[in-house]
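Within every chain, numbering begins at 1; the chains are lettered A, B, ... in the order of the sequence lines, protein sequences first and strands thereafter.
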Amino acid sequence: MTRLTAPPPSEVMIEAHEVSKVYGTVRALDSVSISARRGTVLALLGHNGAGKTTLVGILTAALPPTSGRAAVAGFDVASRPREIRQRIGLTGQFASVDGQLSGRENLVLLARLLGAGRKAARARADELLELFALGEVATRRAQTYSGGLRRRLDLAASLVGHPEVIFLDEPTTGLDPSSRINLWEIVEGLVAEGTTVLLTTQYLDEADRLADSITVLSSGAVIASGTAAELKASVGQRTVTVTLDGADDPALAVAALREAAMEPVTGRQDGAIVIPIAASRDIAAVVRALDNVGIEAAELSFGEPSLDDVYLTLAEQPARLASPSLALGATV
Amino acid sequence: MSATTTTTSTPSIPQWDGSSMFHQIRVLTGRSLRALVTDPGVVLFGLLQPVIVLFMLTQVFSKMGPPPHFPAGISYLDFVLPAVLIDNAVQSAVQSGVGLVEDLKNGIVARLRSLPIVPSSLLIARSIANLVRSAVQAVIILVLAVTVLGYSPHGGLAQVAASVGLTLFISWSLGWAFIAAGAWLRRAEPMQNLAIIAVLPMMFASSAYIPIADLPAWLGAVARVNPLTYAINATRALALGIPGAGDVLPALLFGGIIAAAGATLAVYGFRRPM
Ligand SMILES: Nc1ncnc2c1ncn2[C@@H]1O[C@H](COP(=O)(O)OP(=O)(O)OP(=O)(O)O)[C@@H](O)[C@H]1O
Ligand SMILES: [Mg+2]
């Protein structure tokens, strides 16, 4: 069980090449290609069912791809799963710890399985319990933990073996704000030391803060990838955000804006309509278009696009990708 | 929470080199057995059915007198105890399958799958834990039978030990059948149903509680082809020192086949993605 020499720094640590996964009639992944270099964070952004967990499953050698090729730390997932498992840590979407054991026992068990002696295993467990602020509950059975505590234990569990590559599937779902920030700091610390991280998330602030590059998945396909800045730029430099009066019909407003050759984006939580514009004078065009159908915006703001806007523009309306300004699949 | 990342892993810290399968099995067996120590209710609950059957049947038959084809010179207690131990062995085997399903459900299997360990280690650990549990329960039943009911089989200590050994072998091999069922079904309810629908009738349609000759004809016919009959006849013959040791070989064969088939199926079933 010798560890083969790890790839040198700057090496590609996570790579998927035209990976597809079909479940019966569902195409969960459709020719997805991604790559991440050592010591970087790659964020996978996507709706429920976009294929994030499936891709994590393939990269961690838990699921065979239907077609395509994937490698982690230079080892092919199909032929070298063992070498991959020696180098990765996985925090799945659903906590995977033994509820019958205490937090400490869980970590000791994993360390022992990875080959640590009793003493080293206990030391590693204590180190991680402290890092994740689990000291107070360390001796309680994990099944008595709150959701957030369980999540933290799960994260600690994925770090036991000092992995070179960490997969975090929606790691901060269910964490309170301070635990989220704590996790971000831990991830940043690991990355600074050369660990490579693949993170799936639905939180854009998380991707914006942690990720060196972001891949947006929609219905199993990569619809955009690049840095946060590149993605923002792709939506158009500026946007106008219009909030309607409750009485006005958003569909009417959208139709009017389309009429005026604009490409309004809906779907935001607060119901606002986002309209990418080329220049500031286009604000007047927005107001005129709405005025034509008798709608007056309750609130109108002008600004740089947020990652939210990017996400909605790209993920909600895949048809728009036909426009050349948005075709940036190859910018990684 | 403070974020002192200085203590986190770095690739420069030497990583552990993994562990041998033997070591993995040892660690995982320890984990499965832990419940026996930290949660004695598990053992008590497992003992419930065999012990109730033991006390009820001995009471009933001490009142009714033995059935017509009962072997001469043997008390009902002596007759039924080896069958009660087989019942205990079967119940424990069912529990090993349920234990595997619980592992699959609570996520620990998902975690282990991402580690560089041999997947069968977990299955083997379950199987060994089942054996230990079965043995602990068998000893408790024996102690109860000797101290409370006055069990004193004619076979002598060595013979009783051989009988218990064979019983444990049967428990171990049936354990593989239920581990396989757990690996394929992956849900606890069908396993429990299987235990009730299959195991209970199997015990009654056998030589367990009354001699086959005293069973209704159709039940006797089922009992004659029931593999448990061989196991019970063999362990009973050993413990009581009565003829019937000819059933030991078929019982061993039956156990061996179940174990081999169960283990193979279990490995394949367990391999399927979650
Ligand atoms: N075992 C399976 N059998 C059939 N279909 C599946 C299976 N696993 C996933 N799918 C389907 O594949 C698609 C992608 O699922 P996946 O779990 O990868 O999405 P996700 O991006 O992780 O979603 P979420 O944000 O909800 O976790 C979905 O349509 C899902 O229904
Ligand atoms: Mg998911």
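The 12-atom threshold is exceeded at CZ of B:R272, counting heavy atoms of other residues, nucleotides or ligands nearer than 6.0 Å. The local environment of CZ in B:F55 is crowded, with over 12 non-hydrogen atoms from other residues, nucleotides or ligands closer than 6.0 Å. The 12-atom threshold is not exceeded at CZ of B:F45, counting heavy atoms of other residues, nucleotides or ligands nearer than 6.0 Å. At most 12 heavy atoms of other shown residues, nucleotides or ligands fall within 6.0 angstrom of atom CD in A:E136.
Rounding to the nearest 0.5 angstrom, the gap separating the CD1 atom in B:I108 from the CG atom in A:N106 is 5.5 Å. Atom CZ of A:R141 is separated from atom OG1 of B:T38 by 5.0 Å, given to the nearest 0.5 angstrom. Taking CG of B:L104 as the reference point, atom OG of A:S96 lies at 12.5 Å (rounded to 0.5 Å). Residue B:D103 holds its CG atom at 9.0 Å from CD of A:Q100, rounded to the nearest 0.5 Å.
Of the possible polar contacts, none joining the B:S19 side chain to the A:L114 backbone as a donor-acceptor pair under 3.5 Å is found.
Note: A:L109 leads A:L109, A:I84, A:T91 in heavy-atom pairs under 4.5 Å with chain B. In terms of heavy-atom pairs under 4.5 Å with chain B, the best-connected choice from A:V97, A:L101, A:V160, A:I88 is A:V97. Per-residue heavy-atom pair counts under 4.5 Å with chain B were compared for A:P64, A:A62, A:A157, A:G92, and the maximum is reached by A:A157.
Contacts between A:A61 and chain B at a heavy-atom distance below 4.5 Å are absent for every atom of the residue. Heavy-atom distances place the side chain of B:R34, and not its backbone, under 4.5 Å from chain A. Heavy atoms of A:L90 lying under 4.5 Å from chain B belong to its backbone as well as its side chain.
Shortest non-hydrogen contact noted between B:I117 and A:L113 is CG2-O, 4.1 Å.
Ionic pairing of A:E105 and B:R31 is not present here: no N-O contact between side-chain nitrogen and carboxylate oxygen is shorter than 4.0 angstrom. Under a 4.0 Å N-O distance rule, the pair A:D98/B:R111 does not qualify as a salt bridge.
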Next item on the list: Carefully, step by step, assess A:R112 and B:V27 under the rule side chain to side chain contact (heavy atoms under 4.5 Å, CB included).
Entry: CA-CA 7 Å; A:R112 301 270 289 131; B:V27 171; 4.2 Å; yes

